[in-house]
Amino acid sequence: MTANPIAETVASLMPRARTELAELVSFRSVADPAVFPRSECEAAAGWVADALRAEGFQDVALLDTPDGTQSVYGLLAGPEGAPTVLLYAHYDVQPPLDEGAWVTPPFELTERDGRWYGRGAADCKGGFLMHLLALRALKANGGVPVNVKVIVEGSEEQGTGGLERYAEAHPELLAADAVVVGDTGNFKLGLPTVTATLRGMTMVRISVDTLEGNLHSGQFGGAAPDALAALIKVLDSLRAEDGSTTVDGLASDAVWDGLAYDEADFRKDAKVLDGVGLIGEGTVADRIWARPAVTVLGIDCPPVVGATPSIQASARATISLRVPPGQDAAEATELLISHIEKHTPWGARVAVRQVGQGQPFRADTSSPAYTAMADAMRVAYPGQEMQAAGMGGSIPLCNTLAELYPSAEILLIGLSEPEAQIHAVNESVSPEELERLSVSEALFLVNYARSKQA
């Protein structure tokens, strides 16, 4: 990295950042009390609040949001007349899945092969550390030139909408001239990238019932309707032969006009097994950024070990549908539910309950804030120009902020480049990316403040 006082300061702060990230990762802050106790999230929220207070933030508060979780807010006053920038991250994480599949414990930050491993290291506890590093570097080099609001969400991964509802009820709280969402990632390691689009998401739970109780498969099999088989047929109806998502009435032919994603690179990033083909049609970018995608997240059925020769009377599944920009998540939900009901076989009783939803998002990459970020990334990543890419994931808060503050410029950056393997076992963060993106954010705040003064 080119010699720069801010870059030098961030480099000197990296050992402290590793220690702090290890502390934050140690909290098992999955926002689902059925997985880990609520106290884990409360402890993580308390840690974040203490960190903000230590940096001189005022009005630090634990916000009790309508979904029963807590978001952390703080305000750092800048020079009089300076613009206000909102910095976003979330401290809640995905469940660790199979802890035995982790090379090292998921809630112990561990360095291996130049990366730091742990659940939330990249998504998105590392994002909060990125904000802290940027602010500390600015304070050590003349001060923070803008008013800074920080909001750290407690249920982003659950998609339950607590912070969105809270923001709608308190619209003045998060008002800002610009927003930096630290919850996406570079297109690939070392390539500075802003995220231009996000797919939205709807999540539903399907329950299928066919019998009053399980039956002996030898005595009744062949005529008694099997709820698990019915559920499998429903789920199969959501995909074409090539694996493309097929929800009746939902368009799935949009194309991505922008940065291309080489298929060989995608296979490597996704760790697709040799000989296994990709699903869908069109370019990889079309499939993951511009088109809907259904995923079966879980099925309630008997495990193989201990299974009995029984016809299942009931079966359940949770599925998600990623909704691309240009489509409305609420309309997509209605089409999905209608499709499921239509394709349930044998007159089986089916109930569909929505358990989460978020709208897709498209940023205005022509705004002055993006110019300020491009200039910042050019310094933090010498020889590289900022790229704009899509992201298949969802950050529901982005649309809420865009609706509440239509004049605010919203930028999305973060640490979740492909090698981070977020949501999977052995999630990790590149400390080099943490360092460079912290420098980028600090320089962006300087550039943005100047642009508003011009």
Side-chain angles (χ1 to χ4, degrees), residues 94 97 101-103 112-117 121-123 126 183-199 201 238-246 252-297 320-325 360 362-363 365 374 377 380-394 412-434 436-437:
Q94 286 286 338
L97 304 175
W102 286 71
V103 175
R112 190 169 69 252
D113 301 324
R115 297 184 69 92
W116 299 344
Y117 287 80
D123 182 24
D183 192 24
T184 60
N186 287 342
F187 176 66
K188 62 181 179 180
L189 189 67
L191 182 65
T193 310
V194 291
T195 300
T197 65
L198 297 168
R199 286 192 294 195
M201 178 271 294
L238 293 168
R239 290 192 182 278
E241 189 66 28
D242 65 2
S244 300
T245 292
T246 54
S252 59
D253 57 357
V255 297
W256 172 260
D257 182 19
L259 188 66
Y261 202 154
D262 180 78
E263 185 168 320
D265 289 341
F266 179 82
R267 291 184 65 90
K268 179 181 177 182
D269 292 340
K271 294 181 169 55
V272 180
L273 299 178
D274 291 343
V276 178
L278 303 184
I279 63 173
E281 62 177 0
T283 69
V284 170
D286 293 341
R287 284 175 264 181
I288 65 173
W289 297 336
R291 296 179 181 176
V294 69
T295 303
V296 180
L297 304 182
S320 75
L321 176 67
R322 298 291 178 171
V323 183
R362 188 185 303 276
T365 57
M377 286 183 159
Y381 290 82
Q384 299 276 14
E385 290 293 323
M386 183 183 80
Q387 303 293 317
M391 181 176 171
S394 306
L412 298 99
I413 62 173
L415 301 164
S416 298
E417 40 77 28
E419 293 184 36
Q421 292 290 288
I422 63 170
H423 294 201
V425 297
N426 300 312
E427 176 184 346
S428 67
V429 67
S430 162
E432 185 175 89
E433 289 282 65
L434 175 59
R436 290 182 185 274
L437 285 166

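Any value given below was found using the heavy atoms of this structure, including those in side chains, with hydrogens, waters and symmetry copies removed.
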Student check: side-chain heavy atoms of [X] and [Y] closer than 4.5 Å:
X: Trp256; Y: Arg291; answer: no
X: Leu412; Y: Met391; answer: no
X: Arg112; Y: Asn426; answer: yes
X: Tyr261; Y: Lys188; answer: no
X: Pro324; Y: Pro360; answer: no
X: Leu434; Y: Leu415; answer: yes
X: Asp269; Y: Glu419; answer: no

Kindly give the heavy-atom pair with the smallest separation between [X] and [Y], and that separation in Å.
X: Arg436; Y: Pro382; answer: NH1-CD, 3.6 Å
X: Asp286; Y: Val255; answer: OD1-CA, 3.2 Å
X: Ala196; Y: Thr365; answer: CB-CG2, 4.0 Å
X: Trp289; Y: Ala389; answer: CH2-CB, 4.0 Å
X: Ala254; Y: Ala290; answer: CB-O, 3.3 Å

Quick one: [atom1] on [X] to [atom2] on [Y], what's the gap to the nearest 0.5 Å?
X: Asp265; Y: Phe187; atom1: CG; atom2: CZ; value: 7.0 Å
X: Leu198; Y: Asp183; atom1: CG; atom2: CG; value: 9.0 Å
X: Arg322; Y: Ser394; atom1: CZ; atom2: OG; value: 4.0 Å
X: Tyr381; Y: Leu191; atom1: OH; atom2: CG; value: 8.5 Å
X: Asn186; Y: Gln384; atom1: CG; atom2: CD; value: 9.5 Å
X: Ile422; Y: Ser428; atom1: CD1; atom2: OG; value: 11.0 Å

Sidechain-backbone polar pair: Arg199 side chain, Pro292 backbone, donor-acceptor under 3.5 Å: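 Flag not set: sc Arg199 to bb Pro292 has no pair under 3.5 Å.
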
Please check if the side chain of Thr193 supplies one atom and the backbone of Ala388 the other of a donor-acceptor pair under 3.5 Å.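 No; zero donor-acceptor contacts below 3.5 Å.
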
As a quick check of understanding, evaluate side chain to side chain contact (heavy atoms under 4.5 Å, CB included) for Glu263 and Thr283, giving each step before the final call. CA-CA 8 Å; Glu263 185 168 320; Thr283 69; over 6 Å; no

List in chain and number order the residues that pass salt bridge (Lys or Arg N to Asp or Glu O under 4.0 Å) with Glu241, two or more places apart in sequence or in another chain; answer none if no residue qualifies.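 Partners of Glu241 by the salt bridge (Lys or Arg N to Asp or Glu O under 4.0 Å) criterion come out as none, since no residue qualifies.
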
Please determine which of Glu433, Glu417, Glu432 meets the salt bridge (Lys or Arg N to Asp or Glu O under 4.0 Å) test together with Arg115.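 Option passing the salt bridge (Lys or Arg N to Asp or Glu O under 4.0 Å) with Arg115: Glu417.
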
Quiz: residues 271-281 side-chain donor-acceptor pairs under 3.5 angstrom, not counting sequence neighbours:
none

Please test Thr245 against Arg239 for side chain to side chain contact (heavy atoms under 4.5 Å, CB included), starting from the C-alpha separation and ending with a verdict. CA-CA 5 Å; Thr245 292; Arg239 290 192 182 278; 4.1 Å; yes

